[in-house]
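Structure, as structure tokens:
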Amino acid sequence: MTARAHVPTELERLGDLPLADADALAGRFPLTRNENPAPEAEYQRIMGELAFGREFTDHMAHMRWTREGGWSQREVVAFGPLSLTPGAAVLHYSQSVFEGIKAYRHADGSVWTFRPGYNAARINHSARRMALPQIDPEDFVASLVDYVRADEKWVPGGDGTSLYLRPFMFASEEFVGVHPAGVVDYYVIGSPSGRYFSAGLTGVSIWVVKGHHRAGPGGTGSAKTGGNYAASLLPQAQAADRGFSQVCFLDSYEEKYLEELGGMNVFLVMADGTVRTPELSGVILEGGTRSAILRMLADRGRGVVEEPIALDEVVWGIRSGEVAEVFACGTAAVVTPITRLAGDDFDVELEVGATTTQIYEELTDIQMGRAADPYGWTYRLV
Ligand code: COI
């Protein structure tokens, strides 16, 4: 198999542009301290039982956009319920986008994030598709800096832990006519988190869905917008009833090629060492973890190929031994081995392989500051 050179994508190019230091950006979102933060016992309980995405910190960052005035009202305020008119457009037409990014505690106590410029570029890519306003990348990063500085104590410190950051933007204009909203709110909230999959590096099982699709050509598949995830929920629930942890979607024309999981990209490691992943067809999400893995593997001289991958070929390859490992990746999932892949007429199992484990370790070593970062991907927040 010939490895084609990876051409940097627009998100990768924009994401690699230099950013001002956190100290230079800090203060754009002034803090009004929460007067009723979590009581100490509650804080200790949450930090002692880290799960994923259920508990949130004391504050949130916010700004508002209007068609006439652009972005204003930047602030960090107490985390709490939003006041939203039932006529807000997002509740009717789902005009919203979000990001997933993490804050990591390094051994010396400092707090870092990973490729914030990439997430800034991606929220703008998603916003463009959903007719939402663009955000100045430095405002995006400043919102993370000011939010994390307000809630630094919520960044956990153990292996596999982080403060999962969830920036999101939605149409808050009170109007039920279908048009791009003239009032939009942007928030950053954060959840102190452990692993997304409790099975972690032991492996998860995947049901390959037929009959339901996540996205189609020209649709919103490459945007990080809630509707794509909502579309995955019914097949996901059906797969869970069968005992599977996640679903994998196929292309919507032929139901032949792998696209992505409910919220993660998918990779194959071939027995000859080559690593393959579905190409960016405009239908799948361009994952930051996907991009980092492609770059790291290519730099280590591994053959990396982005191309259409037929399900039949994968099943046959697993049975014959030609496909040695399959793994999922994403900000939340990091790198998670897939140890069982099943669908209507097949059910195959795999071992957790050395390449998957090595990629997980090399990536998390950079993110956690245990290894040098030759790419300039880590960004100090605190
Ligand atoms: C992430 O990986 O950050 C996502 O947004 C995906 C979601 C399944 C949690």
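For reference, positions follow the sequence shown, starting with 1. Note that ligands are numbered from 1 as they come in the structure, with each ligand's atoms numbered from 1 the same way.
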Give yes or no for whether the N/O distance cutoff of 3.5 Å, strictly under, is met between Gly330 and ligand 1.
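For ligand 1, there is no N or O atom that lies under 3.5 Å from one belonging to Gly330.
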Using every non-hydrogen atom in the two residues, find where Glu349 and Ile318 come nearest and quote the distance to one decimal.
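That would be O-CG2, 3.7 Å.
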[atom]: the protein heavy-atom neighbour that sits closest, reported with distance to 0.1 Å:
atom: atom 8 (C) of ligand 1; value: Tyr196 OH, 3.5 Å
atom: atom 3 (O) of ligand 1; value: Tyr164 OH, 2.5 Å
atom: atom 6 (C) of ligand 1; value: Gly263 O, 3.5 Å

Test item: Tyr187 and Phe170 side chains (from C-beta on) under 4.5 Å apart, heavy atoms:
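Side chain of Tyr187 against side chain of Phe170, heavy atoms only: contact under 4.5 Å found.
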Would you say that Met47 contacts Pro192 through its side chain, given a criterion of any heavy-atom pair below 4.5 Å between the two side chains?
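Yes. Closest side-chain heavy atoms under 4.5 Å.
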Numbering the atoms of ligand 1 from 1, which are under 4.0 Å from a heavy atom of [X]?
X: Gly100; value: 3 (O)
X: Ala332; value: 1 (C), 2 (O), 3 (O), 9 (C)
X: Phe98; value: 5 (O)

Between the candidates Met264, Gln246, Glu99, Lys224, which shows the shortest non-hydrogen contact distance to atom 4 (C) of ligand 1?
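The nearest heavy atom belongs to Lys224.
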Is the distance between the ring centroids of [X] and [Y] under 6.0 Å?
X: Tyr229; Y: Phe98; result: yes
X: Trp377; Y: Tyr118; result: no
X: Phe52; Y: Tyr164; result: yes

